[in-house]
Undergrad: 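This structure is in structure tokens; I'll ask about it shortly.
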Amino acid sequence: RGRRVLGCFGIIRIEGSSLKRKWRVYRVMGTVETGGLFGEKEVNRSEAITKDEMELYLPRVREFIDRDVDHRDALVGHEWVYDDLTRLYRYDSGSFFHIARVSEINKELAKFNTYPREQVLVMDRAGWAHDLGKLDIPRKILKKEGPLERDERTRMKWHVFGSVKRLAEHGEREVIDIVVGHHLAGRDPYPSNVETEDDYLQRQRDLLILSDVTDVLLSERSYKKPVS
């Protein structure tokens, strides 16, 4: 697994690569707290998105995602993902852009590992869906500057179940198996009792873990500076 981590960082650091350029663009966008992807003066608000706002933002979020043919193909027939991503963009744009960066890294790692096209799209879709459960987490926790208290960490962990719940409601069994394991690493892995003996599934989970951790390390968060 350690060699895979080094490989993941190596891919991102290839000068001139499309992945590196996209990741940098997404990172810059994701650190803009007072302005949005489409020139809004204020994006992040805690109240529920209105019907008018959904009609405004959804086509623009779709356009942003569909610029990449892999992202577009990964979400064909999965319209609900666009809807929830639009809600997340409006709720916490930082989490939205984290998801965008993770999905980009994840699908490129799948290609790097010579996954067939169908599985590349599954991994891409897992990237877009892995943190949708953050819609259920209070913004004061998502945006907190500094370490979370014990009860806040417990609450944050529930975002995995929120993501799985959304996937289950739409019959996304294959993606659930990947997403549920994207925090099974580090000093405090969670959730428990979801380990697998399926080597291929474990590799898929490893790639999503690496994609997620890589972006967390290299991106600025409300509680940390990026690793240089």
Side-chain angles (χ1 to χ4, degrees), residues 26 29-30 33 36-37 40 42-58 61-62 64-65 74-75 78-103 106 124-186 188-194 205 208-209 211-213 215-216 219 221-224:
Y26 291 170
M29 289 177 176
E33 293 296 336
L37 180 60
E40 310 96 322
E42 175 64 30
V43 179
N44 302 305
R45 296 199 292 277
S46 58
E47 65 270 19
I49 190 169
T50 66
K51 180 180 178 181
D52 288 344
E53 286 174 328
M54 178 63 82
E55 291 177 352
L56 172 66
Y57 289 133
L58 178 58
V61 167
R62 179 187 291 276
F64 168 72
I65 295 171
L75 297 183
H78 305 272
E79 300 299 313
W80 70 273
V81 180
Y82 288 106
D83 292 345
D84 273 4
L85 286 169
T86 301
R87 294 185 181 95
L88 186 62
Y89 172 72
R90 164 68 164 61
Y91 185 63
D92 178 25
S93 59
S95 292
F96 171 85
F97 285 111
H98 164 69
I99 284 178
R101 294 189 297 265
V102 169
S103 65
N106 206 42
D124 195 339
R125 191 157 61 253
W128 286 111
H130 82 283
D131 268 356
L132 289 177
K134 287 184 175 177
L135 280 164
D136 303 328
I137 307 301
R139 286 192 67 248
K140 66 180 181 180
I141 294 179
L142 293 175
K143 308 300 289 185
K144 183 175 181 179
E145 296 182 4
L148 298 178
E149 300 295 333
R150 182 175 181 177
D151 61 328
E152 293 172 327
R153 291 197 303 273
T154 299
R155 185 71 183 85
M156 179 66 88
K157 290 178 180 180
W158 278 91
H159 82 272
V160 175
F161 298 104
S163 299
V164 167
K165 178 177 179 291
R166 286 170 168 78
L167 288 162
E169 288 172 348
H170 296 277
E172 303 273 3
R173 180 71 253 180
E174 187 173 14
V175 178
I176 287 174
D177 288 339
I178 301 169
V179 167
V180 74
H182 81 272
H183 279 292
L184 291 177
D188 185 25
Y190 63 90
S192 59
N193 301 319
V194 296
R205 289 179 174 182
L208 183 54
I209 290 169
S211 301
D212 189 38
V213 170
D215 184 67
V216 169
S219 300
R221 295 292 185 95
S222 59
Y223 57 88
K224 63 174 279 295

Undergrad: Applying side-chain contact (heavy atoms from CB on, under 4.5 Å) to Arg173 and Asp177, what does each step give before you reach the verdict?
TA: CA-CA 7 Å; Arg173 180 71 253 180; Asp177 288 339; 2.6 Å; yes

Undergrad: Among all residues two or more places apart in sequence or in another chain, which pass the side-chain hydrogen bond (donor to acceptor under 3.5 Å, both in side chains) test with Arg87?
TA: Asp84

Undergrad: Can you tell me how far the CE atom of Met54 sits from the CD1 atom of Ile49, to the nearest 0.5 Å?
TA: 4.5 Å

Undergrad: In chain order, what residues pass the side chain to side chain contact (heavy atoms under 4.5 Å, CB included) check against Glu174, with sequence neighbours excluded?
TA: Gln119, Val122

Undergrad: So Glu79 and His170, do their side chains get closer than 4.5 Å, heavy atoms only?
TA: no

Undergrad: What's the shortest heavy-atom distance between Gly133 and Ser163, and which atoms?
TA: N-OG, 2.8 Å

Undergrad: Could you pull out the closest heavy-atom pair between Ala129 and Leu167, with the gap in Å?
TA: CB-CD2, 3.9 Å

Undergrad: What's the spacing between Ser103 OG and Asp212 CG if we round to 0.5 Å?
TA: 11.5 Å

Undergrad: What's the spacing between Ile99 CD1 and Lys134 NZ if we round to 0.5 Å?
TA: 7.5 Å

Undergrad: Taking side chain to side chain contact (heavy atoms under 4.5 Å, CB included) as the definition, give me every residue that meets it alongside Pro191, ordered by chain and number, with sequence neighbours left out.
TA: Val160, Phe161, Val180, Val194

Undergrad: Quick one: are Leu75 and Asp124 in side-chain contact, heavy atoms under 4.5 Å?
TA: no

Undergrad: Between Ala185 and Ile209, which heavy-atom pair has the shortest distance, and what is it?
TA: CB-CG2, 3.8 Å

Undergrad: Report the residues that fulfil salt bridge (charged side-chain N to carboxylate O under 4.0 Å, His left out) with Arg125, sequence neighbours left out, ordered by chain and then residue number.
TA: Glu172

Undergrad: Below 4.5 Å, heavy atoms only, C-beta onward: do Leu142 and Met156 meet side chain to side chain?
TA: yes

Undergrad: Check side-chain hydrogen bond (donor to acceptor under 3.5 Å, both in side chains) between Trp158 and all other residues, then give those that pass, not counting sequence neighbours.
TA: none

Undergrad: Within the 4.5 Å heavy-atom criterion, are Leu135 and Arg166 side-chain neighbours or not?
TA: yes

Undergrad: Is a side-chain donor or acceptor of Tyr91 paired with a backbone partner of Arg139 at a separation under 3.5 angstrom?
TA: yes

Undergrad: Using the test ring pair (Phe, Tyr, Trp, His ring centres under 6.0 Å), find all partners of His78 that sit at least two apart in sequence or belong to another chain.
TA: none

Undergrad: Is there a side-chain contact between Glu149 and Arg155, using heavy atoms and a 4.5 Å cut-off?
TA: no

Undergrad: Are the side chains of Leu132 and Leu85 in touch, meaning some heavy atoms are under 4.5 Å apart?
TA: yes

Undergrad: Please list, chain by chain and in numerical order, all residues satisfying salt bridge (charged side-chain N to carboxylate O under 4.0 Å, His left out) with Asp188, sequence neighbours excluded.
TA: Lys157

Undergrad: Which residues pass the salt bridge (charged side-chain N to carboxylate O under 4.0 Å, His left out) test with Arg150, sequence neighbours left out?
TA: none

Undergrad: The criterion is salt bridge (charged side-chain N to carboxylate O under 4.0 Å, His left out); which residues satisfy it with Asp83, sequence neighbours excluded?
TA: none

Undergrad: To the nearest 0.5 angstrom, please state how far the CD atom of Glu152 sits from the OG1 atom of Thr154.
TA: 10.0 Å

Undergrad: Please find the pair of heavy atoms, one from Asn106 and one from Gly127, that lie closest to each other, and give the distance.
TA: ND2-N, 4.1 Å

Undergrad: Given side chains that start at C-beta, do those of Leu88 and Ser95 come closer than 4.5 Å, heavy atoms only?
TA: yes

Undergrad: Can you sort out the partners of Tyr190 under ring pair (Phe, Tyr, Trp, His ring centres under 6.0 Å), two or more places apart, ordered by chain and number?
TA: His183

Undergrad: According to side chain to side chain contact (heavy atoms under 4.5 Å, CB included), who are the partners of Leu56, at least two apart in sequence or on a separate chain?
TA: Arg60

Undergrad: Do Ile65 and Arg62 have side-chain heavy atoms sitting under 4.5 Å apart?
TA: no

Undergrad: Apply side-chain hydrogen bond (donor to acceptor under 3.5 Å, both in side chains) to Thr50 and list each qualifying residue two or more places apart in sequence or on a separate chain.
TA: Glu53

